[in-house]
**Student:** 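The structure is given below, and queries will be raised subsequently.
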Amino acid sequence: MGVFPTRLKAERSSRTSVFVTLLLSYLVVLLIPVIVFGGLYTRIESIMVENANNANMALIEQAKQVVDGRLDEMHLISRNTSSHPKLDTLLKSGTLQTAEERYDYLSFMKELERYRNSSSFITDFYVYLRKSDTVVSPGFKTNSSILFSEIYGYPNLTYKQFQDDILHGVHFNRFLPVTEVGKGLNKKRMLTYLQTLPFGEKSSPKGALVILIEERQIMGLLEEIVKANHGTIYIKDAEGQVLLSAGERSELTNGASASKSGMMTVSTTSARNGWEYVSLVPENVFMAKVIMVKRMAVGVLALCLAAGIIVCAYMTYRAYHPLRDIIRFIRQSHPTKGGNIRNEYEFIKSTMADSFGKQVEMEEQLFRQTPAIRANFLLRLLKGHVDTDDISQQSLSFMGITFPHSSFAVALIELRDASGFIHHDCEREWALIRFVTGKVAEEMPGYAAYAVELEKNEVAIILNVPEECGKGVELYEWAEQVKRVIEQRFRTVTTIGISSIHAGMGQLPSCYAESVRALEYSIFTAYKPILFYEEMKREAEVYYDFPIETEIQLINAMKSGDAVKTKDIIQQLYENNFTGKQITPEHGRLLFANLLSTLFKLLNALNLKYEDILGTPAKPIENMTEAGSLEELYSEMQFMFHQVCLYVKQQRGDSSTLLLEKIKKYIIEHHDDAMISLASIAEQFNITPPYLSAFFKKNSGSNLTDYLAKIRIERSKEMMKDAGSTISQIARSVGYTSDVGFIRVFKKYEGITPGKYKETLHSLSSTLRKDHAES
C-alpha cells in the first residue's frame with residue numbers, strides 16, 4: 001500500500017515539472033512582445049522629448065534673431081553718434097563762450113534727433129560731455145545733476161554712484177540690467193546701454209553715450225514666443241548677468257540658476273554681442289500628453305499581460321493533457337523499471353528505448369549481414385547452385401534484390417590494367433577497385449544490375465533485361481558507358497564480355513558461361529573492349545594457318561640469328577590468322593602453342609637452355625595462359641624469338657649487336673646528363689658521329705636522338721607521379737638544361753604538354769581518393 005502512493009506522488013511531481021516548464025515557455029514567448037513594446041515606447045518618449053526640445057530651441061533662436069535685429073539699430077545709432085565730426089570738438093570744449101560753440105551744440109542735437117527718429121526701438125539716448133559736465137540729447141541739453149535728479153535718475157543709485165559708475169566709467173558696449181529709470185510719472189523700466197567716448201578710450205574717458213531702451217520694447221518682441229510655450233525667457237550678457245526676463249516665471253534674478261526642478265531648459269548664445277538667451281519651459285506643458293499616453297500604455301500592457309497569463313495557463317493545460325494520458329497508458333500497459341526519471345519526456349524516452357532497443361539491435365545486425373548474404377546468393381545463382389523455383393519475391397526483397405523483368409544477361413568485366421588506380425598491388429586495393437567497378441555498373445541507368453565479385457580482377461554483373469530489349473544495341477551502349485566511367489575516373493582499362501539474353505532466372509549459369517567464353521575470345525581478336533557471345537559464335541573460324549614451310553623458314557632464320565626475318569615471319573603468321581578473320585580461343589591458343597613448340601625444337605637442336613637466354617625460369621606456357629590480350633601474347637612471342645636470335649647471333653660473335661646493346665645501356669645510364677649527345681657517345685665508343693647515327697638507325701630501327709628522348713620522357717612520367725616536383729626540376733633531372741626544350745620534346749612525343757599531363761594525372765588521383773573516401 002505504501003508503494004502506490006509513493007509512485008503517484010513521484011508521477012505528480014514529474015507532471016508538475018513539465019507543466020511548469022511549458023508554462024514558463026509560453027510566458028517567455030509572451031514577454032517578447034512586452035519587451036519590444038517597452039523598448040519601442042522608450043524610443044517614442046525620447047523622440048517626443050527631443051521634438052519638444054527642438055521646438056523650444058527653434059523659438060529661442062527666433063527670439064535671439066528678433067532681438068539681435070533690433071539691437072543692430074541701436075548699435076548703428078551708437079556708431080553714428082560716436083563718429084560724428086562735431087563730437088570731438090564738443091568733448092574738448094568747456095562752458096559755452098561763443099555763438100559758434102552754441103551753434104555746434106544745436107547742430108549736434110539736431111543730428112541726434114534725426115538718429116532717434118530713425119529707430120522706433122530706442123526710447124531715448126543722450127551724450128555726456130565730461131569736461132563741460134553737459135548732457136546733450138535729441139530733446140534737451142542740461143547738466144548731470146539735473147539729469148539725475150529730474151529726468152533719468154536711478155532710484156537704487158546715488159548721484160555720486162551715478163557719476164562714477166555710469167558717466168565717468170569706462171564702458172564698451174555695456175548693458176545694465178532692466179531697472180526703473182526716471183522720476184515720478186515718467187518712471188519707466190529701462191535697459192541701459194553704455195559706451196565710453198571717444199570710442200575705444202580705456203583710461204580717461206571724456207564722455208559717455210547712454211542709450212535707453214524701454215523694457216516693453218523687448219518684451220513685445222518676446223511676448224508671442226513666451227505665450228507659445230508658456231515658459232520664461234531670460235537674457236544674459238557675456239558675463240552671465242541677467243539683463244531682463246519675460247514670461248510667467250520672470251522672477252529669476254542676477255546670478256540665479258536657470259535650471260529649476262520640473263523645468264526644461266534650452267539656451268543659445270548670440271555671436272553678435274555674446275548675449276545668452278535662456279528658455280525655461282515647464283515640463284507639464286509638453287509632457288502632459290506623454291504622461292497621458294504612458295498611463296494608457298501601462299494600463300493596456302497590464303491588461304494584456306493579465307489576459308496573456310490566463311491564455312498561457314490554458315494553453316499549457318491543453319498541451320499537457322495528452323501527455324498525461326500517454327503517461328497513464330504506458331504505466332498501465334507496461335510496468336516500468338525503477339530509476340531517477342526527471343520528467344514525463346524522460347519517462348517516455350526510457351520506455352521507448354527499452355521497448356525497441358532489442359528490435360533495433362536485431363535489425364542492425366541483419367542489415368550489416370545483408371550485403372554478405374546477397375553477394376553469396378548471387379554468386380551461387382551464377383554458379384547454378386540455387387534452385388530458382390524455390391526463390392520467392394519476399395526473399396529477394398529481404399536481400400534488396402528486385403527483378404522486374406523475366407529476361408537476363410551477364411556482363412563479365414575484366415580489369416585488364418589497374419595500374420593507374422592501384423599503387424601497391426595489394427588485395428585491399430584490388431578489393432576497392434572491384435567494389436568501385438560493381439557500384440558503377442549497378443548505378444548506371446538502363447537496367448536493374450547487381451554486381452558479384454569473382455576473381456582478383458573480374459566482376460560479374462547480373463542484368464535484368466526488359467523483354468522489349470533488342471539484339472544488343474542497348475546492352476552495348478550500357479557497357480560502353482560503364483567502361484568509359486571506369487577508365488576516365490578510375491584509370492583502369494577494362495574488357496567486357498556479354499552473354500546472350502536468356503529468359504528465366506534459371507538461365508543465369510548459362511549466361512555466365514557465355515560471358516566467360518566471350519571474354520576469353522578477346523585475346524584472339526584485334527582489340528575489342530566489348531565482346532558479345534553472339535558475335536563470337538558467328539565469326540569464329542574453326543582452323544588456323546601455320547604451314548610446315550613457314551615453320552622451316554622460321555627455324556632457318558633463327559639458326560642464322562636473323563632477328564629481322566624472324567620478326568617478319570611471326571608478324572605474317574599473326575596477320576594471316578588474326579587480321580580480317582577471327583578464330584576460336586582454343587585454336588588461337590593452339591597456334592601460339594605450336595610457335596612455342598617450334599622455339600623449343602630449335603633450342604634442343606642447338607643445345608641451348610631457355611634460362612640462359614631469357615634469364616628467367618622456363619614458364620612460357622604459364623605466361624601464355626595468363627596473357628590478358630592477343631597483343632600481349634603476340635608481344636611475348638616476338639620477345640622470346642627475338643632474344644633467341646640475339647643470343648644465337650652473339651654466340652657467333654656479332655660485334656654489331658654487342659655494340660648496339662652497349663650503346664643503349666650507356667644511353668640509359670647517362671640519359672640524365674645534359675651534356676650527352678651524338679658526338680659525346682661517339683667519342684665514348686671511339687667512332688665518328690655520322691657512323692654512330694647510321695649504325696644505330698640500321699640496327700635498332702630508330703634514330704639515336706629519338707631513343708634518348710623516349711628514355712627521358714618515360715623517366716619524367718615516373719617523376720610526375722610526385723606532386724611536389726615541378727616541371728623545371730623534372731626537366732633538369734632527366735638531362736634538359738631548361739624546361740622549354742623539355743616541354744617541346746614532351747609535347748612532340750606525347751601530344752600534350754608535361755604540365756597538362758601532370759595536372760590530368762593528379763586530378764584523376766584526387767578523384768580516385770575522393771571516391772574511395774565516399775565509398
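Note that the coordinates shown come from a computational prediction; the quantities given were computed from them, not determined experimentally. We're numbering straight along the sequence, starting at 1.
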**Student:** Heavy-atom count check: over 12 atoms from other residues, nucleotides or ligands less than 6.0 Å from Arg374 CZ?
**Tutor:** yes
**Student:** Among residues at least two apart in sequence or on other chains, which ones pass side-chain contact (heavy atoms from CB on, under 4.5 Å) with Ser702?
**Tutor:** Phe696, Ser700, Tyr707
**Student:** Going through the distances and angles, do Glu718 and Arg715 end up as a salt bridge (Lys or Arg N to Asp or Glu O under 4.0 Å)?
**Tutor:** CA-CA 5 Å; Glu718 289 294 325; Arg715 174 57 183 155; 5.9 Å; no
**Student:** Hey, is the main chain of Gly504 close enough, under 3.5 Å, to the side chain of Gln507 for a donor-acceptor pair?
**Tutor:** no
**Student:** Who passes side-chain contact (heavy atoms from CB on, under 4.5 Å) against Gln393, sequence neighbours left out?
**Tutor:** Leu396, Ser397
**Student:** Rounded to the nearest 0.5 Å, what's the gap from CG on Leu602 to CG on Asn556? Could you check?
**Tutor:** 9.5 Å
**Student:** Quick one: salt bridge (Lys or Arg N to Asp or Glu O under 4.0 Å) partners of Arg434, sequence neighbours excluded?
**Tutor:** Glu427, Glu453
**Student:** If we only count heavy atoms from C-beta on, is the Met505 to Leu508 side-chain gap below 4.5 Å?
**Tutor:** yes
**Student:** Over 60° means perpendicular and under 30° means parallel, so tell me whether Phe408 and Phe403 are parallel, tilted or perpendicular.
**Tutor:** perpendicular
**Student:** Answer yes or no: does atom CD of Glu480 have more than 12 heavy-atom neighbours from other residues, nucleotides or ligands under 6.0 Å?
**Tutor:** yes
**Student:** With side chains defined as the heavy atoms from C-beta onward, is the minimum distance between His502 and Glu514 less than 4.5 Å?
**Tutor:** yes
**Student:** Are there over 12 heavy-atom neighbours, none belonging to Lys717, within less than 6.0 Å of that residue's NZ?
**Tutor:** yes
**Student:** I'd like to check the salt bridge (Lys or Arg N to Asp or Glu O under 4.0 Å) partners of Lys748; sequence neighbours left out, ordered by chain and number.
**Tutor:** none
**Student:** Does any N or O in the side chain of Gln638 come within less than 3.5 Å of the main-chain N or O of Ile570, such that one atom is a donor and the other an acceptor?
**Tutor:** no
**Student:** Are Ser419 and Asp417 close enough that a side-chain donor and a side-chain acceptor fall under 3.5 Å?
**Tutor:** yes
**Student:** Return yes if some donor-acceptor pair links the side-chain N/O of Asn376 with the main-chain N/O of Ala372 below 3.5 Å, else return no.
**Tutor:** no
**Student:** With a sphere of 6.0 Å drawn around CD of Glu669, does it hold more than 12 non-hydrogen atoms of other residues, nucleotides or ligands?
**Tutor:** yes
**Student:** How would you list, by chain and number, every residue that makes a side-chain contact (heavy atoms from CB on, under 4.5 Å) with Gln643, sequence neighbours excluded?
**Tutor:** Ile613, Leu614, Phe639, Leu646
**Student:** Using the salt bridge (charged side-chain N to carboxylate O under 4.0 Å, His left out) rule, collect all pairs that involve residues 593-607, keeping only residues at least two apart or in two chains.
**Tutor:** Glu551-Lys601
**Student:** Side chain of Arg416, backbone of Thr495: donor and acceptor closer than 3.5 Å?
**Tutor:** no
**Student:** With the side chain counted from C-beta on, respond yes when Ile727 and Thr753 share a heavy-atom pair under 4.5 Å apart, and no when they do not.
**Tutor:** no
**Student:** For the residue pair Val482 and Thr494, establish whether any side-chain heavy-atom pair is separated by less than 4.5 Å.
**Tutor:** no
**Student:** Check whether any side-chain N or O of Thr760 sits under 3.5 Å from a backbone N or O of Lys756 as a donor-acceptor pair, and report yes or no.
**Tutor:** yes
**Student:** Looking just at side-chain N and O atoms, do Asn464 and Tyr450 make a donor-acceptor pair shorter than 3.5 Å?
**Tutor:** no
**Student:** Check whether any side-chain heavy atom of Met640 lies under 4.5 Å from a side-chain heavy atom of Glu636, and answer yes or no.
**Tutor:** yes
**Student:** Using a 3.5 Å distance criterion without hydrogens, assess whether the side chain of Arg380 forms a donor-acceptor pair with backbone atoms of Val386.
**Tutor:** no
**Student:** Is there side-chain contact between Leu378 and Ile401, with at least one heavy-atom pair below 4.5 Å?
**Tutor:** yes
**Student:** With heavy-atom distances below 4.5 Å as the criterion, would you say the side chains of Asp706 and Tyr749 are in contact?
**Tutor:** yes
**Student:** Would the distance check show the side chain of Glu429 and the main-chain N or O of Ile422 forming a donor-acceptor pair, the cut-off being under 3.5 Å?
**Tutor:** no
**Student:** Regarding Lys483 and Glu487, does a basic nitrogen lie under 4.0 Å from an acidic carboxylate oxygen?
**Tutor:** yes
